[in-house]
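This report refers to the structure that appears directly beneath it.
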Amino acid sequence: VFTVTKRADLHSKANSKTGTKTSALAMVQPLALFGSPALLAGEDAAAYHQLVSRFRAAINPVDIIDEMLIADVVALEWEVLRWRRLKAELMRMRELKALQDFLSNHLYLKHYRKSFVEDLTEILQDYLEDQTEDDARTLAHKCAELEPDAVNKFNQIVAGNFNITEIRETARVFKAEELAQDYARRKPSTIKLISKLLAWADTSIDALTLEPLVEELDNIERIDRLTTIAETRRNAMLREIDRRRAVLSEALRRQVQEVEGEFKVVEKTPAEAKNAA
Amino acid sequence: VTSERKIRANRANARASTGPKTAHGRSHAARNALRHALSLPVYSDPLLSEEVEAFARQIIGTDANPEMHEPARRVAEAQIDLRRVRHARHQILSQPLSDPDYESEVMLRKKSALVLRYARRFDLSMPMPDDVMEILSSKPQGPYKFAAILADKARELLALDRYERRALSRRKFAIRAFDAVSRRNLRIEAALQT
């Protein structure tokens, strides 16, 4: 006959067992046991450990095998994030480069005049030490407009050491780089300007980035394959944790049913009943 | 029923396509298993086998049932194997990534071709033009570098992936076997207590 006392004994045994396992788990350092985190140069170790904590809190490991599976889930999730980040970054860089090339060919003087004038002023100041900055700037402005007299004067001053067309080209490329960066940061005025330039050239940002993306197709496919492998394995780990939980809960349920089936309330003896009254 | 002629042809084809033929191919294939030594069982390394035993003891915990030892050891063995494969894979990626002078194999070939082309056309005593020098001194950076490494190491990564898949599969079935033994022991224990 399974008495209340016996049941209580079993409970206390079970508790003591759980207690032993918990203290054993507390001694375990999961990361050290399952290998150090596979971080690459530039990856954030603190973010990785945070991910470990989040998964452990969510899954609540019951034994060392659970810990092992969690370590795997975290490592695989980290890998998925790594590949996604790499793919996004690769595509973004390609887009930026395509936009930069487009802008280098489609910017008008009015878009990069300021930096062109700045460059010319700086060069002229080095040569015209006896004159003021304003004089140099006035001449630079005229050179930027390609006024023949001003250009001749500039060539005489720099004595052939600089080519005004090259300086202009550098200013244009520099401005194109700057605008592409601003576009990536979604600066409203730059987006407006670039949209206008794209419309004038009868193209779109999608058309512009298509060709460079085709060039990256092999890399993108490779990254996608790695992402899929990591995702599939991570999901398999989660299923394995689920399966273990289901088995554990099934075993517990069966135990409870057996215990319930054998449970009988011990009748009070007449003396105890009398005392209670 | 497969005809006698077909069987003969199949056998002849099989003989013609089993492994490398040349001396170079054979010596290369003979070294395959030594590259990462991942095909060697963990018990061939005393340090690793010690680790397996220690890990198995941790899996078993306080349960002294001898039936648990074998499945626990199998879980530990597969886990240590998995760790070895992942470490090798990590090294393949992390070493070139932390090398500031890393250059992809494709770009190295392109650069060599460029120098050869230049040498054929021009006098090598003359300094190379700036644009050529720029190409020769350029190095992949950021995501381009990572993508180049993945492209260069694709074959090695694929080979390691096979090892990892096998180790994962072994560990999965080892865990299931361990859980099954644990459950059976729990049932026996409960039955004995009643």
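Letters A, B, ... are given to chains in the order of the sequence lines, protein chains preceding strands, and every chain is numbered from 1. Values below: every heavy atom of this structure, side chains too, minus hydrogens, waters and symmetry copies.
Neither the backbone nor the side chain of B:Ala54 comes within contact range of chain A, judged by heavy atoms closer than 4.5 Å. Using a 4.5 Å cut-off between heavy atoms, A:Glu79 touches chain B through its side chain atoms alone. With a 4.5 Å cut-off on non-hydrogen atoms, A:Arg82 touches chain B through its side chain but not through its backbone. In this structure, chain B has a heavy atom under 4.5 Å from the backbone of A:Leu39, while its side chain stays farther away. When heavy atoms are compared at a cutoff of 4.5 Å, A:Arg225 does not approach chain B at all. Contact annotation for B:Leu82: only side-chain heavy atoms (C-beta onward) come within less than 4.5 Å of a heavy atom of chain A.
Counting heavy-atom neighbours within 6.0 Å of B:Asp130 CG, excluding the residue itself, gives a total of 12 or less. Remark: B:Lys139 NZ is packed, more than 12 non-hydrogen atoms of other residues, nucleotides or ligands lying under 6.0 Å away. In B:His90, the NE2 atom is crowded: over 12 heavy atoms of neighbouring residues, nucleotides or ligands sit closer than 6.0 Å. The neighbour count for A:Arg245 CZ, taken as heavy atoms of other residues, nucleotides or ligands under 6.0 Å away, is above 12. Applying the 6.0 Å contact sphere to CD of A:Glu122 captures no more than 12 heavy atoms from other residues, nucleotides or ligands. No more than 12 heavy atoms of other residues, nucleotides or ligands lie within 6.0 Å of CZ in A:Phe174, so this atom counts as exposed by the packing criterion.
When the candidates A:Met93, A:Glu89, A:Arg243, A:Lys87 are compared by the number of heavy-atom contacts under 4.5 Å with chain B, A:Arg243 comes out ahead. Annotation: maximal heavy-atom pairing with chain B below 4.5 Å, among A:Arg85, A:Arg94, A:Glu216, occurs at A:Arg94.
Comment: A:Asp72 engages B:Arg86 in a salt bridge, judged by a side-chain N to carboxylate O separation of less than 4.0 angstrom.
Expressed to the nearest 0.5 Å, how far CE of A:Met237 lies from CG of B:Leu168 amounts to 4.5 Å. Atom OG of B:Ser94 sits about 10.5 Å away from atom CD of A:Glu43, to the nearest 0.5 Å.
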(request) Determine, step by step, whether B:Tyr144 and A:Asn219 satisfy the side chain to side chain contact (heavy atoms under 4.5 Å, CB included) criterion, reporting the C-alpha distance in whole Å, the side-chain angles of both residues, the deciding distance to 0.1 Å, and the verdict. (result) CA-CA 9 Å; B:Tyr144 295 125; A:Asn219 283 329; over 6 Å; no
(request) Check step by step if side chain to side chain contact (heavy atoms under 4.5 Å, CB included) holds for A:Ile65 and B:Gln79. (result) CA-CA 10 Å; A:Ile65 293 179; B:Gln79 175 63 25; over 6 Å; no
(request) Begin with the C-alpha distance, continue with both residues' side-chain angles, and end with the deciding distance and a verdict on salt bridge (Lys or Arg N to Asp or Glu O under 4.0 Å) for B:Arg171 and A:Glu240. (result) CA-CA 11 Å; B:Arg171 194 185 68 179; A:Glu240 204 51 28; over 6 Å; no
(request) Please assess A:Leu90 against B:Phe146 for the test side chain to side chain contact (heavy atoms under 4.5 Å, CB included), listing each intermediate value before the final yes or no. (result) CA-CA 9 Å; A:Leu90 204 60; B:Phe146 206 162; over 6 Å; no
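Using a 4.5 Å heavy-atom cutoff, the side chains of A:Trp83 and B:Leu150 are in contact. Proximity of A:Asp63 to B:Ile59: side-chain heavy atoms (C-beta onward) are nowhere separated by under 4.5 Å. Between B:Leu157 and A:Arg222 there is no side-chain heavy-atom pair separated by less than 4.5 Å. A heavy-atom distance below 4.5 Å is not found between the side chains of A:Ile229 and B:Glu164.
Close approach to chain A, defined as a heavy atom under 4.5 Å from one of its heavy atoms, is seen in no residue of residues 4-15 of chain B.
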